[in-house]
Amino acid sequence: MSSRSATGSGSLMWFRKGLRIHDNPALEYASRGSTPVYPVFVIDPHYMEPDPTAFSPGSALAGLNRIRFLLESLVDLDLSLKKLGSRLLVLKGEPSEVVIRCLKQWDVKKLCFEYDTDPYYQALDMKVKNYASSAGIEVFSPVSHTLFNPAYIIQKNGGKPPLSYQSFLKLAGQPSWASSPLSVSLSSLPPVGDTGSCEISEVPTVRELGYEDYEQDELTPFRGGESEALKRLKESISNKEWVANFEKPKGDPSAYVKPATTVLSPYLKFGCLSSRYFYQCLIDVYKNVKKHTAPPVSLVGQLLWRDFFYTAAFGTPNFDQMKGNKICKQIPWNNDDELLAAWREARTGFPWIDAIMVQLRKWGWMHHLARHCVACFLTRGDLFIHWEKGRDVFERLLIDSDWAINNGNWLWLSCSSFFYQYHRIYSPISFGKKYDPNGNYIRHFLPILKDMPKEYIYEPWTAPLSIQKKSKCIIGIDYPKPVVSHDSASKECKRKLAEAYALNQKLNGQVSEDDLKTLRRKLEGDENQESGSKRQRQNPSDLS
DNA sequence: CCAGTGTTGAGCTG
DNA sequence: CAGCTCAACACTGG
C-alpha cells in the first residue's frame with residue numbers, strides 16, 4: 001500500500017524544535033541529493049488552540065506568549081526557506097498521523113528530523129519511525145539540539161546519568177565538533193514537490209487560531225525566530241568584556257530594562273539558535289581576550305548546565321514527578337489550592353514575589369535568580385507546596401520552558417534532588433532589596449505599590465496607615481496582606497524537610513505513600529501542638 | 001571514617 | 001563589597 005513512497009526521490013524535513021537554517025544537520029541531509037524537499041511543520045491543536053478552562057490565555061498546554069513566540073519563529077523560518085527557494089508547509093492534526101499521511105502520499109525516500117530526548121517526542125517519533133521503516137523510507141534523526149549526545153554520556157557513565165555538574169564535565173570533555181566548522185549557511189534548497197490532497201496552510205496568526213486581541217503590555221517583549229536569535233546573539237557577544245567576565249550568580253535579577261543575562265534561552269528552547277553555534281561563538285570570544293570566566297558560572301558553563309539537565313532528564317525514569325523518581329527525595333508536600341492560587345496569581349502579599357510572578361505572566365521570562373526566589377517560596381521556603389504544581393505553572397507560562405531544564409530546576413530548588421542545603425532559604429523580603437533598594441522592579445510590575453516609600457516597599461504591611469493612605473495603597477484592600485509570616489513559615493519548612501530527609505535516609509529512599517501519609521500526620525500533629533499554623537496564617541503574630 | 005566540596009542564603013563585620 | 005560566621009545538607013573520593 002505504501003510501497004510507492006519507497007520508490008520516491010524526495011525527502012521530508014520535519015521541523016519540531018530546531019526552527020532554524022543554520023547548523024541544522026537534518027535539513028542539510030534532507031536537501032542533499034534529494035528533489036523535491038518537503039519542509040513540514042505540524043500544528044497540534046492540543047498545543048495551539050484555545051482552552052478556555054486554562055488559568056491563563058492559551059491552549060491546554062501552552063500560554064499565549066509561548067504560542068505567539070512559536071508562530072513568530074515559524075513565520076521567520078518560512079521567510080528564510082522562501083529565500084532559499086522553498087517554503088514551510090504547515091499542516092494540522094495529531095503530528096504522527098499527519099506525518100505518516102504525508103509519507104504515504106508524497107514522493108519521499110528520506111524522512112529527516114532532529115533527534116529529541118523529551119518523552120513526548122520519544123513516544124511520537126517511535127510511531128513515525130516504525131511506519132517509515134516498514135515502508136522502506138530512510139530515517140535520519142541527528143542529535144543537534146544539545147552540545148553532546150545525552151545517550152552517549154549516560155553510556156560512558158555506566159548506564160546512569162551523572163548527577164553532579166563536575167562529574168558531568170569530566171565525562172563530557174570537549175565536544176567532538178568543537179574545532180570543526182558547523183554548517184551555518186545554505187545557498188539554496190530543492191523545490192517543494194506536489195502536495196497532493198494534503199491540506200497545506202500558511203503559518204496562522206494568533207487570531208486565526210481563535211485568540212482575541214490582547215493588550216500589548218500583556219505580551220512578551222521578546223520576538224520569536226532565528227533572525228531575532230542571531231541578532232540577539234550578535235549583540236550579546238559584541239561586548240567581549242561582558243562575555244569574558246560573565247558570572248551567573250552575580251547578575252541583577254531586578255534588572256528589566258536591560259536584563260542581566262542574554263535572554264537567549266527561548267531561542268535555544270525552540271532551536272532558533274543552535275547551542276553548538278552559540279558555543280563556538282563564545283570560544284571565539286575567549287580566544288581573543290586575556291582572561292575569561294569558566295564553568296559553572298561562565299556563559300559556556302550555562303550551555304553545559306543545559307546539557308547537564310538534558311542528560312539527567314533523559315537517563316532518569318519519571319524525571320518529571322516525585323513518585324517513582326529514584327533521584328527525587330520523597331517529601332510530604334502540602335496540598336493547599338488557595339495558597340497555590342495566591343502564588344500563581346501574584347497575591348502572596350510579598351511584593352518581591354508577586355512582582356516576579358507578574359513578570360512571568362506578562363513577559364514569559366524572568367531572571368534566573370528571580371525564578372529561584374519564587375520557586376523556593378512556593379516549595380521549601382514558605383508555602384511547602386509540591387514542586388510539581390509550580391513546575392506546571394512555569395511550564396505553561398515561560399516562553400523558554402523546556403521539559404528537562406524546567407523539571408531539573410524545580411527538583412533543584414525544592415531540594416528534592418541535586419541540591420540539598422534546605423536551610424539556605426531566599427528571603428522574600430531582603431533578597432530583592434540588596435539589588436534594588438528603591439524597589440523599581442516592584443513599582444514597574446506592581447504599579448499599585450508605585451507610590452509606596454522605599455522603606456516599606458518590600459514589606460508594605462509594616463507601613464503606618466497614614467503612609468498607606470498617602471501611597472494610595474491600603475494593605476488588605478488594595479494589595480493583600482502576606483499569606484504567611486516568612487520567619488515562622490520558613491522555620492516550619494526547615495523542620496519538615498529535616499524530618500522528611502531523615503525518613504528518606506532511614507528507608508534508603510524507598511519511601512511508600514503510606515510512609516509519607518504517616519509523616520504528614522506526624523508533622524501536622526506537631527504543628528497543632530505549637531498552636532497551629534492555620535491560625536497563624538490568618539493572623540500572623542509578627543504582622544501588625 | 002573523614003575531609004572537602006557544592007553555580008547563586010542571611011546577616012554581620014571591617 | 002569581600003569575607004566571615006552561622007547551621008548544616010548530601011555526596012564524593014580517599
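All heavy atoms count here, side chains included; hydrogens, waters and symmetry mates do not. Residue numbers begin at 1 in each chain, while the letters A, B, ... track the order of the sequences.
Among the heavy atoms of the strands, none lies under 4.0 Å from A:Lys433. A:Phe418 comes within contact range of no nucleotide atom at all, as no heavy-atom separation falls under 4.0 Å.
The CD atom of A:Glu247 sits 10 Å away from the C1' atom of B:dT7 (whole-angstrom rounding). Rounded to a whole Å, the CG atom of A:Leu413 is 10 Å from the P atom of B:dG9. When the P atom of B:dT7 is taken as reference, atom NZ of A:Lys248 falls 13 Å away, rounded to whole Å. Separating the CZ atom of A:Phe308 from the C1' atom of B:dT8 is a distance of 15 Å, rounded to the nearest angstrom. What separates CZ of A:Phe246 from C1' of B:dT7 is a distance of 11 Å, to the nearest Å. Whole-Å rounding puts the A:Tyr426 OH to B:dA10 P distance at 8 Å. In this structure, the CG atom of A:Asn409 is 12 Å from the P atom of B:dT8, given to the nearest Å. The distance between atom CH2 of A:Trp305 and atom C1' of B:dT7, rounded to the nearest whole Å, is 6 Å.
Here A:Lys434 reaches the OP1 or OP2 of B:dA10: one of its side-chain N or O atoms lies under 4.0 Å away. For A:Ser430 and B:dG9, the shortest distance from a side-chain N or O to OP1 or OP2 is not below 4.0 Å.
The pair A:Asp514-A:Arg520 fails the salt-bridge criterion, with no side-chain N (NZ, NE, NH1 or NH2) lying under 4.0 Å from an Asp/Glu carboxylate O. Salt-bridge annotation for A:Glu226 and A:Lys231: absent, with no side-chain N of the basic residue lying under 4.0 Å from a carboxylate O of the acidic one. Taking 4.0 Å as the cut-off between side-chain N and carboxylate O, A:Lys522 and A:Glu499 count as a salt-bridged pair.
Nearest-nucleotide positions on DNA chain C place A:His423 closer to the 5' end than the other of A:Ser167 and A:His423. Mapping A:Leu163 and A:Tyr422 onto DNA chain C via the closest heavy atom, the residue that lands nearer the 5' end is A:Tyr422.
Two residues are said to be in side-chain contact when any heavy atoms from C-beta on lie closer than 4.5 Å; A:Ser298 and A:Gln302 fail this criterion. For the pair A:Asn334 and A:Lys496, the minimum side-chain heavy-atom distance is below 4.5 Å.
Checked against B:dA10, B:dT8, B:dG6, the side chain of A:Pro249 finds its nearest nucleotide in B:dT8. Out of B:dG6, B:dT8, B:dA10, the shortest distance to the side chain of A:Arg424 is found at B:dT8.
Nucleotides C:dA7 and B:dG6 place their C1' atoms 16 Å apart, quoted to the nearest Å. Atom C1' of C:dA8 sits at a distance of 14 Å from the matching atom of B:dT5, rounded to the whole Å. Only the P atoms considered, B:dC2 is 22 Å distant from C:dC6, to the nearest whole Å. Remark: the separation of the P atoms in B:dT7 and C:dC1 is 26 Å, to the nearest Å.
Searching all strands for a Watson-Crick or G-U wobble partner of B:dA10 with both distances below 3.5 Å returns C:dT5. For B:dC1, the paired base is C:dG14 (Watson-Crick or G-U wobble, both distances below 3.5 Å).
For A:Gln421 against B:dG6, a side-chain N or O and a base N or O form a donor-acceptor pair under 3.5 Å.
Aromatic rings of A:Trp412 and A:Trp305 (six-membered ring for Trp) have centroids within the 6.0 Å cut-off, being under it.
Scanning DNA chain C 5' to 3' for nucleotides with an atom closer than 4.0 angstrom to a non-hydrogen atom of chain A gives a first and last hit of C:dA8 to C:dC11.
The cationic group of A:Lys362 does not satisfy the cation-pi geometry with A:Phe445, failing either the under 6.0 Å distance to the six-membered ring centre or the 45° limit from the ring axis. Cation-pi geometry between A:Arg232 and A:Tyr267 is not met: the NZ or CZ atom fails to fall both under 6.0 Å from the ring centre and inside 45° of the normal.
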